[in-house]
**Q** 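Sharing a structure with you now.
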Amino acid sequence: MSYDIITDSACNLPATYATKHNLGVISLKYTLGGEEFDDYTEVANSDSVKNFYARMREKVPASTSNINAATFEARFTEVLEAGRDFIYISFSSGLSSSWSFAQSTAEVLREKYPDRKIFIVDSLCVTLGLGIFVNIALKMRDEGKTIEELHEWLENNKSKVCHWFTVDDLFFLKRGGRISATTALAGTLLGIKPVMRVNEEGKLEPYAKARGRKAALTMLVDKVGEMAAYPKDLTYGISHGDCEEDAQFVADLLKERHGVKSKNIIIDHLTPLIGAHSGPGTVAFFFMGRGR
């Protein structure tokens, strides 16, 4: 291992994984009912995550915050002082300002440590989409790719990580200002479930509407046939907002339609960092495709 790879807790990867693969993780924060929590610590505790979603169902207010420049400076300096180069793979700039803070911090540190190599990658990814992207980066590093080769690959392939979402309760999208109160009410009365994606700019946008929950979940898997070059051989990530049965429905459909093995499917709770905005009942689906 010739250099460090660092990401943030938006990757939805557990601490055990990070330790095993020598991955640095900087945690974001979220607030629930006026109390602040460390996203990276909480996501490792399934009981804590379940409690988070239980309180969300009670409509307890939740919010999130970015990683600030001081936090980046402290973590990056620690690596540089140890004489190591690094790549930081950030949460999408389309959904967070953390990337811009990391970029400005890196500019200052490049002048202070001119002999070190510092790369900041805006992944345009989130949750297990970012996790899958980071996992590929770790494998490439361990296979001997130089930091420059890895940086080039990441920049050229980040827009191939496909992100598809559906939510069960439109209240949370309304609260976050992503849909109007009228749209939320009409959708609830008609049983309409939105299907959304993360676009080429790393921003969440509506894509389609499905009549009923199962139709929306099925639409997520439909995208594999449309967008994945080798569906059976890919790693798939399924994150859920405390609705494991729905996540398993997606996994089973993936196996049935595309012959995907269980070992190639990752199912985990959606981190509170994202769940604070999308709410309980969210199912998010990720894979590498030909593009978004």
**Q** For F286, which of F133, W164, F165 qualifies under ring-ring contact (aromatic ring centres under 6.0 Å, His included)?
**A**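 Considering F133, W164, F165, a ring-ring contact (aromatic ring centres under 6.0 Å, His included) with F286 is found only for F165.
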**Q** With side-chain hydrogen bond (donor to acceptor under 3.5 Å, both in side chains) as the rule and sequence neighbours excluded, what pairs involving residues 127-139 come up?
**A**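 Only N12-T127, Y17-N135, T127-S239 qualify under side-chain hydrogen bond (donor to acceptor under 3.5 Å, both in side chains).
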**Q** Sequence neighbours left out, what pairs pass side-chain hydrogen bond (donor to acceptor under 3.5 Å, both in side chains) with at least one residue falling in residues 220-233?
**A**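 Every pair satisfying side-chain hydrogen bond (donor to acceptor under 3.5 Å, both in side chains) with a residue in residues 220-233: Y207-K223, D222-R257, K223-E226.
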**Q** Would you check if T77 and L109 make a side-chain contact, meaning some heavy-atom pair closer than 4.5 Å?
**A**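 In contact.
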**Q** Which atom names give the shortest non-hydrogen contact between F52 and A276, and what distance separates them?
**A**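 The pair with the smallest heavy-atom distance is CZ-N, 3.7 Å.
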**Q** Distance alone, cut at 3.5 Å: any donor-acceptor contact between the side chains of K255 and S262?
**A**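 The answer is yes; a qualifying pair exists.
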**Q** Between F287 and Y236, how do the two ring planes meet: parallel, tilted or perpendicular, split at 30° and 60°?
**A**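 The arrangement is tilted - the two ring planes meet at 30° to 60°.
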**Q** Would you find more than 12 non-hydrogen atoms of other residues, nucleotides or ligands less than 6.0 Å from Q103 atom CD?
**A**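 Count over threshold, so yes.
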**Q** Side-chain contact test, heavy atoms from C-beta onward, threshold under 4.5 Å: evaluate it for Y113 versus D115 and give yes or no.
**A**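 Y113 vs D115: side chains apart.
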**Q** Check the surroundings of atom CD in E245: do more than 12 heavy atoms from other residues, nucleotides or ligands lie under 6.0 Å from it?
**A**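 It does not: E245 CD has 12 such atoms or fewer within range.
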**Q** Hey, are N157 and K160 close enough side-chain-wise for a donor-acceptor pair under 3.5 Å?
**A**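 Their side chains do contain a donor-acceptor pair, which is all the 3.5 Å distance test asks for.
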**Q** Drop me the distance from I120's CD1 to H151's NE2, to the nearest 0.5 angstrom.
**A**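 Spacing of CD1 (I120) from NE2 (H151) equals 8.5 Å.
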**Q** Show your working on side-chain hydrogen bond (donor to acceptor under 3.5 Å, both in side chains) between N264 and T235 and close with a plain yes or no.
**A** CA-CA 5 Å; N264 291 338; T235 297; 4.8 Å; no
**Q** Heavy atoms, side chains only, cut-off 4.5 Å: are S2 and I147 in contact?
**A**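 A side-chain contact under 4.5 Å is absent here.
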**Q** Side chains of D8 and Y88: any donor to acceptor distance under 3.5 Å?
**A**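 There is such a pair between these side chains.
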**Q** Between H269 and Y53, how do the two ring planes meet: parallel, tilted or perpendicular, split at 30° and 60°?
**A**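 Ring orientation, 0 to 90° scale: parallel.
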**Q** Side chains of S27 and D39 only: does a donor on one sit below 3.5 Å from an acceptor on the other?
**A**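 Not at all, the side chains of S27 and D39 share no donor-acceptor pair under 3.5 Å.
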**Q** For H163 and L124, work out which heavy atoms get closest and say how close.
**A**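 Taking H163 first and L124 second, the nearest heavy atoms are CE1-O, 4.2 Å.
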**Q** Are K203 and E205 within salt-bridge range, i.e. N to O under 4.0 Å?
**A**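 No, this pair does not count.
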**Q** How many angstroms lie between CG in L138 and CG in N22, if you round to the nearest 0.5 Å?
**A**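 Nearest 0.5 Å value for the CG-CG distance: 8.5 Å.
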**Q** Under a 3.5 Å cutoff, is there a donor and acceptor pairing between the side chains of N68 and T71?
**A**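 Yes.
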